[in-house]
Amino acid sequence: MRILRVVVIISVVLGALFVGADRWAVGYAENQLAVRIQARQGLAGTTEVDIHGFPFLTQALSRDLERVDLRLTGVEIAAEGRKTRLSELDASFRGVRLNGDYTGGTAERAEGTALITYADLTAASQTGATLSYGGAPGKVKVTASVDVAGRKLSRSVISTVTLVDAPDARGGKGGKIVRVRAEEVPGEGIPGLERLVRRQTDFDRNLEGLPAGLQLSALTSDEAGVHLTLGGSNVVMAGS
């Protein structure tokens, strides 16, 4: 019985040491991956990484991670060559295959969400328009100023924000672009007013700079801003 007790005690101690080492290793890996993603994306905000699955060490040795969750703030992407800020981006990566030097990996599939606030949408506007909530999901209010016969007129319209297919170089589908279209622009009997207003309020934006392989699949809007739904396969998480 005494020998059995000693064996049990040793097993418990070794198990505790293994668990402690495993948790230290996963914490270190999470921090290192966060640093690399932060540098790769050029983030001004924060990066948090959560590696799931136990034990981590066996996953690391096989270079296969079950699931990695990522939370980014202050992500800068490009829209028609102009920087646009994502307030936050949350993504879950499944079936991550680590590269040879453990500096990053590629996920079999990924899904997530992102938020663009109205303040950031306004800052990224190329027409000087101001954007705010349109009062219903998928709606935005766009306010713009136009010059008519030497007079500056300010008009606000309720617009629908949708995703549409973007053509690629060969004429096929090349991902999704964000489209904003005013539902109605009162002309008020002023010749050319609707056309002038739509020049400021109607636009398409191609969002670039998301993690490679992560694509837009849906969007909606509420008081906080425009929410993007993301998904993809063979998504690159980081790299050297």
Side-chain angles (χ1 to χ4, degrees), residues 41-46 71-90 112-168 173-211 214-231:
Q41 293 292 134
L43 302 178
T46 61
R71 181 177 179 81
L72 307 176
T73 62
V75 184
E76 283 192 348
I77 60 175
E80 306 300 322
R82 186 164 183 168
K83 288 185 177 180
T84 302
R85 181 177 177 273
L86 299 181
S87 177
E88 59 190 49
L89 187 155
D90 294 281
T113 60
L115 170 66
I116 309 179
T117 66
Y118 295 113
D120 289 326
L121 283 170
T122 297
S125 173
Q126 296 178 336
T127 63
T130 300
L131 287 85
S132 58
Y133 183 45
K139 306 295 183 183
V140 295
K141 180 180 179 180
V142 186
T143 302
S145 296
V146 295
D147 290 320
V148 179
R151 296 171 52 201
K152 180 161 286 190
L153 302 178
S154 179
R155 291 294 182 269
S156 295
V157 297
I158 299 299
S159 299
T160 301
V161 55
T162 58
L163 283 181
V164 297
D165 292 326
D168 62 16
K173 294 182 179 180
K176 300 288 187 179
I177 60 176
V178 178
R179 171 165 291 173
V180 176
R181 290 290 184 273
E183 296 178 352
E184 183 180 1
V185 180
E188 302 173 18
I190 302 176
L193 178 60
E194 179 176 354
R195 177 176 53 83
L196 290 173
V197 172
R198 285 192 178 277
R199 281 183 179 178
Q200 304 296 315
T201 61
D202 292 359
F203 55 86
D204 293 342
R205 290 291 182 270
N206 183 15
L207 303 183
E208 302 171 340
L210 294 170
L214 206 56
Q215 302 291 332
L216 295 173
S217 59
L219 59 75
T220 189
S221 63
D222 61 14
E223 293 87 346
V226 175
H227 298 266
L228 309 175
T229 301
L230 311 169

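- Under a 3.5 Å cut-off, the side chain of R155 and the backbone N or O of V185 do not form any donor-acceptor pair.
- Nearest approach of T220 to G138, heavy atoms of both residues: OG1-N, 3.5 Å.
- With sequence neighbours excluded, the residues satisfying side-chain contact (heavy atoms from CB on, under 4.5 Å) with R181 are R179, D202, D204.
- The residue from L121, L163, T162 that alone fulfils the side-chain contact (heavy atoms from CB on, under 4.5 Å) condition with V178 is L163.
- Distance check, rounded to the nearest 0.5 Å: CD1 of I158 to OG1 of T201 gives 11.0 Å.
- Contact detail for Q200 and A129: the closest heavy-atom pair is O-CB, 3.8 Å.
- The side-chain contact (heavy atoms from CB on, under 4.5 Å) check on S145 picks up K152, S154, with sequence neighbours excluded.
- The side-chain heavy atoms of H227 and D222, taken from C-beta on, include a pair separated by under 4.5 Å.
- The shortest distance between side-chain heavy atoms of L86 and L72 does not fall below 4.5 Å.
- The closest side-chain donor-acceptor pair between T73 and T46 falls under 3.5 angstrom.
- No side-chain donor from either of K139 and S159 sits under 3.5 Å from a side-chain acceptor of the other.
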Could you walk me through whether L216 and L230 pass side chain to side chain contact (heavy atoms under 4.5 Å, CB included), step by step? CA-CA 5 Å; L216 295 173; L230 311 169; 3.3 Å; yes
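- No donor-acceptor pair under 3.5 Å is formed between the side chain of T117 and the backbone N or O of G225.
- With sequence neighbours left out, S156 forms a side-chain contact (heavy atoms from CB on, under 4.5 Å) with K141, T143.
- Note that the CZ atom of R198 and the CG atom of L196 stand 12.0 Å from one another [nearest 0.5 Å].
- Across all their heavy atoms, Y118 and L131 have their closest contact at CB-O, 3.3 Å.
- Across all their heavy atoms, V157 and A182 have their closest contact at CG2-CB, 3.7 Å.
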